[in-house]
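Just so you know, these numbers come straight off a predicted model, no measurement behind them. Just so you know, ligand 1 is whichever comes first in the structure, and atom 1 is the first atom listed for that ligand.
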Amino acid sequence: MKANFQQALLALSVFLLAAISCQKKVQQTTTQDFMNETKEARDQRMAWWQEARFGLFIHWGLYAVPAGEWNGKTEYGEWIRHTAQIPLETYDQFVEQFNPVKFNADDWVRMAKDAGMKYIVITSKHHDGFAIFDSKTSDFDVMATPFKRDILKELAEACKKEGIRLCFYHSIMDWHHPDYLPRRPWEKDRSAEGADYQRYVSYMKSQLQELCSNYGEAPHVLWFDGEWESTWTHPQGIDLYNYVRSLKPNIIINNRVDNGRGGMAGMNTAEGFAGDFGTPEQEIPATGIPGVDWESCMTMNGNWGYNKADKNFKSTEVLIQNLTDIASKGGNFLLNVGPTGEGLFPQESIDRLREMGAWMKVNGESIHGSSASPFAQTAWDGRVTMKANGDQTRLYLHVFERPKDGKLTLNGCANEPSAAWLLADTG
Ligand code: H79
């Protein structure tokens with residue numbers, strides 16, 4: 001571990017004399033209306049996710065084949081079909097080239113687990129419409145490639161073995177299905193005549209039914225995206241939320257199932273929209289919101305899908321500070337890896353996962369099961385998470401930079417700490 005990201009972590013044990021009034025609100029639930037559930041039922045459903053705090057995002061699909069390069073430019077990622085304006089028939093040729101023979105589900109899951117992550121969210125289908133699983137409702141799937149292996153099945157088995165929760169990202173926007181609307185503005189060769197959007201929605205639902213039936217306990221989360229086009233409406237969002245919950249009642253669904261998200265900040269702008277958690281993308285909110293669940297997703301470099309030229313990786317130090325920043329505000333961190341067309345994590349990602357894992361092994365207690373602390377502003381550069389510990393409260397002081405005077409003061413903490421120690425000294 002590099003000396004410059006050795007953060008001193010101090011655990012403070014104090015009595016917290018806070019009176020928390022908990023108002024119960026019992027609501028009626030019908031079998032179809034999953035939006036109305038009791039606070040108790042919701043808390044129970046969300047508990048593992050709130051405790052997890054740290055997960056792995058995986059963007060993998062046909063776009064790993066061009067690896068970010070098209071016509072001599074190397075600036076593309078998972079959006080390559082749209083951004084480089086690749087005609088459908090041309091893009092379809094990646095199907096024959098997708099053969100990631102070095103893929104090993106056990107290796108991937110172990111790397112996530114060793115990093116201290118508790119769940120994995122992988123792209124069952126991204127915007128390009130390609131399914132990396134064996135889909136009976138589509139020929140644009142992994143079974144049409146030379147690889148012919150159900151990637152999600154192998155990951156589901158590996159995750160079950162390791163106690164990692166497998167989750168699926170599924171795009172509502174689909175640049176491949178003939179019934180999806182609208183077409184890309186630059187697509188002059190694909191007529192929209194005869195396209196029937198409702199038929200597309202039925203297709204999407206049948207794929208979701210496959211995803212919710214064929215992978216054991218997975219998916220634990222359905223992570224929708226591509227909801228912002230004009231064809232996706234609020235009533236359809238509510239309907240899709242209820243549909244997926246009816247398939248797997250305890251599943252957790254992100255807020256991109258509906259269209260209440262306010263831009264990349266990711267939080268819903270009003271009540272009444274479907275979705276269990278907010279989804280800030282490539283950013284960390286300035287503060288958390290009590291009672292609102294959210295998860296910041298972020299790339300390690302500048303792309304979600306594999307880009308062989310993108311070496312602009314965040315340092316492990318920054319990634320750990322992001323994780324603690326997010327945890328100190330009560331959120332989850334979903335950190336992305338874009339595997340290669342061969343089926344490997346890029347070496348830079350492997351290195352960062354391993355280094356984060358070394359840190360988590362010593363300090364993970366301050367992240368897993370922690371909650372936002374009231375100490376948002378500290379006199380020193382760092383963040384504070386906290387946890388109940390019997391009738392005491394344990395505060396975890398993540399010190400990004402040691403204060404020059406060597407004093408860690410905590411303004412607003414009225415109680416006398418009963419003990420203080422470095423987590424690194426207890427292991
Ligand atoms: O799946 C990942 C992204 O592909 C997806 N969400 C995350 C989780 C995403 N959707 N939209 N965006 C990200 C932001 C949109 C950025 C865009 Fe662009 C600007 C689309 C077209 C111009 C980025 C830059 C993508 C292509 C060029």
Side-chain angles (χ1 to χ4, degrees), residues 54-71 73-86 91 94 117 119-132 167-176 180 182-187 204 219 221-232 237 252-268 275-285 294-307 309-310 312 314 322 326 331-339 346 349:
F54 191 24
L56 179 67
F57 216 169
I58 302 178
H59 276 71
W60 205 34
L62 291 184
Y63 39 82
V65 173
E69 180 176 3
W70 196 251
N71 282 339
K73 286 189 182 163
T74 56
E75 66 204 34
Y76 308 112
E78 73 292 345
W79 275 69
I80 190 167
R81 168 143 195 271
H82 169 97
T83 327
Q85 305 193 358
I86 304 176
Y91 193 82
F94 295 139
M117 293 158 159
Y119 60 107
I120 294 175
V121 183
I122 184 163
T123 48
S124 44
K125 180 191 85 164
H126 203 265
H127 307 331
D128 66 359
F130 178 76
I132 66 164
C167 315
F168 301 147
Y169 165 112
H170 207 76
S171 175
I172 293 170
M173 179 163 72
D174 189 312
W175 304 331
H176 198 273
Y180 181 81
R183 297 284 186 264
R184 304 293 87 207
W186 50 266
E187 266 186 307
M204 178 170 62
V221 173
L222 252 167
W223 213 106
F224 288 101
D225 201 6
E227 85 290 11
W228 58 81
E229 296 211 293
S230 58
T231 37
W232 193 248
I252 295 171
I253 303 171
N254 73 340
N255 68 344
R256 299 188 189 189
V257 69
D258 200 346
N259 56 13
R261 173 167 68 115
M264 302 305 257
M267 309 307 280
N268 281 356
D276 299 316
F277 62 93
T279 49
E281 179 166 328
Q282 301 286 39
E283 57 182 86
I284 301 172
W294 54 278
E295 172 192 68
S296 276
C297 58
M298 236 178 239
T299 51
M300 277 198 196
N301 54 4
N303 286 280
W304 299 93
Y306 179 59
N307 179 309
D310 184 354
N312 191 21
K314 297 173 185 79
N322 286 346
I326 290 165
N332 281 13
F333 189 28
L334 187 63
L335 179 60
N336 184 72
V337 168
S349 302

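Between atom CZ of residue Phe54 and atom CD1 of residue Ile326 there is a gap of 9.0 Å, rounded to the nearest 0.5 Å. We find the NZ-CE distance between Lys125 and Met204 to be 6.5 Å, quoted to the nearest 0.5 Å. For the atom pair NE2 (His126) and CG (Asp174), the distance works out to 11.5 Å, reported to the nearest 0.5 Å. In this structure, Thr123 OG1 and Phe57 CZ are separated by 8.0 Å, a value rounded to the nearest 0.5 Å. Here CD1 of Ile132 is found 4.0 Å from CD1 of Ile122. Values are rounded to the nearest 0.5 Å. Rounding to the nearest 0.5 angstrom, the gap separating the CE atom in Met298 from the CG atom in Asn336 is 11.5 Å.
Evaluated for a ring-ring contact (aromatic ring centres under 6.0 Å, His included) with Trp79, the options Trp175, Trp304, Tyr91, Trp70 yield exactly one hit, Trp175.
Using a non-hydrogen distance threshold of 4.0 Å, Trp228 registers as a contact of ligand 1.
Distances between N or O atoms of His126 and those of ligand 1 include at least one value under 3.5 Å. At least one N or O atom of His59, backbone or side chain, sits closer than 3.5 Å to an N or O atom of ligand 1. Residue-to-ligand polar distances keep Trp304 apart from ligand 1: every N/O pair is separated by 3.5 Å or more.
For atom 5 (C) of ligand 1, the closest non-hydrogen atom of the protein is Asp225 OD2, 3.3 Å. For atom 3 (C) of ligand 1, the nearest non-hydrogen atom of the protein is Glu78 OE2, 3.4 Å. Protein heavy atom in closest approach to atom 16 (C) of ligand 1: Trp79 CZ2, 4.6 Å. When hydrogens are left out, the protein atom nearest atom 7 (C) of ligand 1 is Glu281 OE2, 3.3 Å; that is the closest non-hydrogen contact.
For the residue pair Asn259 and Trp232, the shortest heavy atom distance occurs at ND2-O, 3.0 Å.
For atom 26 (C) of ligand 1, a protein heavy-atom neighbour is present inside the 4.0 Å cut-off. Closer than 4.0 Å to atom 21 (C) of ligand 1 lies at least one heavy atom of the protein. Distance check on atom 14 (C) of ligand 1: some protein heavy atom falls below the 4.0 Å cut-off.
Listed by number with element, the atoms of ligand 1 under 4.0 angstrom from any heavy atom of Thr83 are 26 (C). With ligand atoms numbered from 1 in the order given, ligand 1 contributes 1 (O) to contacts under 4.0 Å with heavy atoms of Tyr169.
Between His59 and Trp223, the ring center distance fails the sub-6.0 Å criterion.
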